[in-house]
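What follows is a short report on a single structure.
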Amino acid sequence: MKGDLTTTKNIKRKQGSVGRQVVRRLLKNKRAMTGIIILLIVILGSIFAPLLTSYGYAEQIPRDYFQFPSKNHLLGTDNFGRDIWSRVLYGGRYTLFIAFTVTFFAALIGTLVGIVAGYFRRLDSVLMRITDIFMGLPQMMFGVSVVAALGPNMRNMMIALTISAIPEFARIVRAQVLTVKDQEFIEAARSIGASDLRIIRHHILPNVSAPIIVQFTLCSVNTILMSASLSFVGMGVQPPAPEWGLMISEGRAYLRDYWHIAILPGVAIMITTLGMNLLGDGLRDALDPRLKQ
Amino acid sequence: MDTHEQPVLEVKDLVVRYYVEGSVVEAVNGISFSLYKGKTLGLIGETGAGKTTTALSLLRLVPDPPGVIESGEILYKGKNVLSLPEKEVRQYRGNDVAMIFQDPMSSLNPVMHVGDQIRESIEIHENVSKYEALDRAKRMLESVEIPSSRYYEYPHQFSGGMKQRVVIAMALACSPQVLIADEPTTALDVTIQAQVLDMMRQLIDEYKMSMLMITHDLGVVAEICDFVAIIYAGEIVESGTIEDIFNNTKHPYTIGLFNSLPDLDSPTSRLNAIPGLMPNPSDLPTGCRFHPRCQHATTLCSTEKPHKEDVSATHTVSCWNYKEIERQ
């Protein structure tokens with residue numbers, strides 16, 4: 001009985017070490033670390049926004065309008081005298097929430113579709129033709145039409161973005177499933193009596209997860225840009241919310257004289273997507289078990 | 001072969017075809033053989049003779065499409081495997097009949113602990129707790145001479161021979177009655193081959209299993225098999241005990257196989273290969289499948305298919321002229 005207990009402990013410790021290996025390799029990768037640090041700053045900044053600024057994001061200070069960055073207003077103020085630093089911080093909440101929620105659901109549905117199409121080949125052509133249709137639509141046009149049909153608000157924009165992000169996931173997962181499925185270890189698993197569900201869960205999914213995780217970061221980047229674009233044309237988050245794309249749109253009119261109103265939220269978008277891309281690259285390297293030394 | 005004993009696994013008149021873009025590949029054409037308890041049958045043939053297809057059929061794993069098991073029976077302890085429902089087939093795979101694949105490099109999941117791959121087989125078939133399964137998987141690892149401390153390593157951390165031993169442990173984890181080994185040593189180098197074969201023989205004795213050994217290596221056969229069946233173009237052309245085949249060779253194809261082995265006692269500069277190539281299985285010759293390559297072929301050989309004839313109680317051969325060939 002005593003022996004059993006020690007083996008139990010062993011399992012837990014050793015299983016933790018798999019994840020630790022990935023984390024260790026990620027930590028060694030300078031570019032990935034830069035990405036992680038940038039993202040952490042953005043995430044913490046938006047979570048602790050109330051502590052980092054004394055102004056509300058919609059608070060108008062009439063005498064302070066059109067101010068350039070100063071000690072009083074770190075990033076200046078806009079045409080209504082709203083503090084841009086506060087708006088950028090609070091805006092991070094919108095951006096990150098939209099990016100992760102959309103990507104999460106797109107990854108979930110896309111992976112499911114991809115696995116079903118790749119594993120059960122009978123459904124392949126039907127599912128892939130549907131995916132092709134959605135892939136053939138320009139994302140911007142699709143987003144605008146869905147939002148125009150359902151009404152311009154954040155929820156509808158997120159629905160549109162999710163739908164248009166699914167095909168990419170489905171394609172990647174399907175391609176990966178096709179290569180994994182024909183390998184001998186799948187046949188070996190079948191030869192010991194594993195069911196389809198078991199093969200998918202234990203053998204296919206772990207082997208296709210690396211590209212899914214990488215695509216997750218790339219899709220988040222794309223979602224940030226698309227949601228900013230849709231908000232920019234008024235098809236997404238509505239004023240007075242401090243969404244970054246919306247802020248660019250609002251500052252557009254004053255670009256010649258007060259560049260900071262439009263440019264600074266753009267810099268925020270750029271920094272966030274840069275961090276996400278760096279993390280994506282690093283994850284791709286860290287997750288490949290064949291690179292393990 | 002022995003008639004007094006009930007075979008563990010019996011294959012009757014198995015026909016497997018692949019339908020590929022308009023052409024029909026006749027991979028297996030009416031193969032019959034029996035496996036007896038504790039005995040090893042060697043299935044010998046060239047690449048493309050239908051050995052692997054036969055092995056996959058035994059587990060009902062022929063990829064469908066394009067493969068179809070057209071007719072025949074596979075009887076495991078009297079039950080026809082081909083008519084079992086899917087759920088029972090899954091119980092049968094791994095628990096009753098297990099298989100070792102050719103290439104150990106690709107028959108392990110690269111992102112799963114080797115130990116867990118052995119444990120999986122136990123979890124599927126036996127209703128045991130996680131820890132008991134873990135414990136048994138560790139013992140299984142030890143029995144193929146891999147320290148159980150390496151349970152949590154990944155396949156890429158193992159050498160080829162060790163991977164093949166893991167694959168063997170995986171197949172034997174639920175102590176199946178029949179083990180199918182599809183060229184288990186082909187991908188290994190010769191010294192490791194001997195180790196792996198030794199180990200397989202030991203384990204088979206220990207578990208009283210029957211084995212179907214698929215190979216094209218006559219040396220492996222001589223070392224491990226009790227019975228031998230020679231397969232050519234999807235048909236068994238000669239079968240018998242190992243003595244029957246090695247000392248009393250009848251079929252010209254088998255004779256050709258033995259002649260193509262180099263003789264250590266006499267200096268030869270060229271090996272005696274059988275002239276010609278294996279026929280294309282989507283366009284098989286008429287009559288005896290071997291006649292275009294056979295130096296003893298007569299007109300009868302090219303029109304009529306030879307019957308299976310008994311040379312002795314254990315030895316059968318399918319050739320019109322085997323008596324004449326012997327006299328020469």
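A, B, ... follow the sequence lines: proteins, then strands. Residue 1 opens every chain.
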Exercise for the section: May I ask you to test the A:Pro206-B:Met112 pair for a side-chain heavy-atom distance under 4.5 Å? Expected result: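 When only atoms from C-beta onward are counted, B:Met112 and A:Pro206 do not touch, as no gap falls below 4.5 Å.
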Exercise for the section: Mind ranking B:Leu59, B:Asp103, B:Asn95 by heavy-atom pairs under 4.5 Å with chain A and telling me who comes out on top? Expected result: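 Of the options given, most contacts go to B:Asp103.
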Practice task
Quick one: which of B:Ser107, B:Pro176, B:Ala171 has the most heavy-atom pairs under 4.5 Å with chain A, could you say?
Solution key: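 Highest number of heavy-atom pairs under 4.5 Å: B:Ser107.
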Just how far is it from atom [atom1] of [X] to atom [atom2] of [Y], taken to the nearest 0.5 Å?
X	Y	atom1	atom2	answer
B:Met170	A:Phe185	CE	CZ	10.5 Å
A:Ile192	B:Leu172	CD1	CG	12.0 Å
A:Ser191	B:Ile180	OG	CD1	8.5 Å

Exercise for the section: Identify the heavy atoms of A:Glu184 and B:Ser106 that sit nearest to each other, and give their distance. Expected result: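 Closest approach of A:Glu184 to B:Ser106, heavy atoms only: OE1-OG, 3.3 Å.
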Does a sphere of radius 6.0 Å around [atom1] in [X] hold more than 12 heavy atoms from other residues, nucleotides or ligands, not counting ones at 6.0 Å or beyond?
X	atom1	value
A:Phe142	CZ	yes
B:Asn127	CG	no
A:Phe97	CZ	no
B:Arg201	CZ	yes
A:Arg122	CZ	no
B:Tyr19	OH	yes

Practice task
Pick whichever of A:Arg121, A:Arg198, A:Arg190 has the most heavy-atom pairs under 4.5 Å with chain B.
Solution key: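 Looking at each option in turn, the highest pair count goes to A:Arg198.
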Exercise for the section: Below 4.5 Å from any heavy atom of chain A, which atoms of B:Val97 appear? Answer side chain, backbone, both or neither. Expected result: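 Just its backbone gets close to chain A.
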Exercise for the section: Go through the atoms of B:Ile100 and report whether side chain, backbone, both or neither lie under 4.5 Å from a heavy atom of chain A. Expected result: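 No part of it gets close to chain A.
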Practice task
Could I get the full list of side chain to side chain donor-acceptor pair (under 3.5 Å) partners for A:Arg155, not counting sequence neighbours?
Solution key: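 Listed in chain order: nothing, the list is empty.
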Practice task
Walk me through it: do B:Glu120 and A:His203 pass the test side-chain hydrogen bond (donor to acceptor under 3.5 Å, both in side chains)?
Solution key: CA-CA 11 Å; B:Glu120 188 170 39; A:His203 297 282; 2.7 Å; yes
Exercise for the section: Without swapping roles, check the side chain of A:His202 against the backbone of B:Gln117 for a donor-acceptor pair under 3.5 Å. Expected result: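 A pair under 3.5 Å: no.
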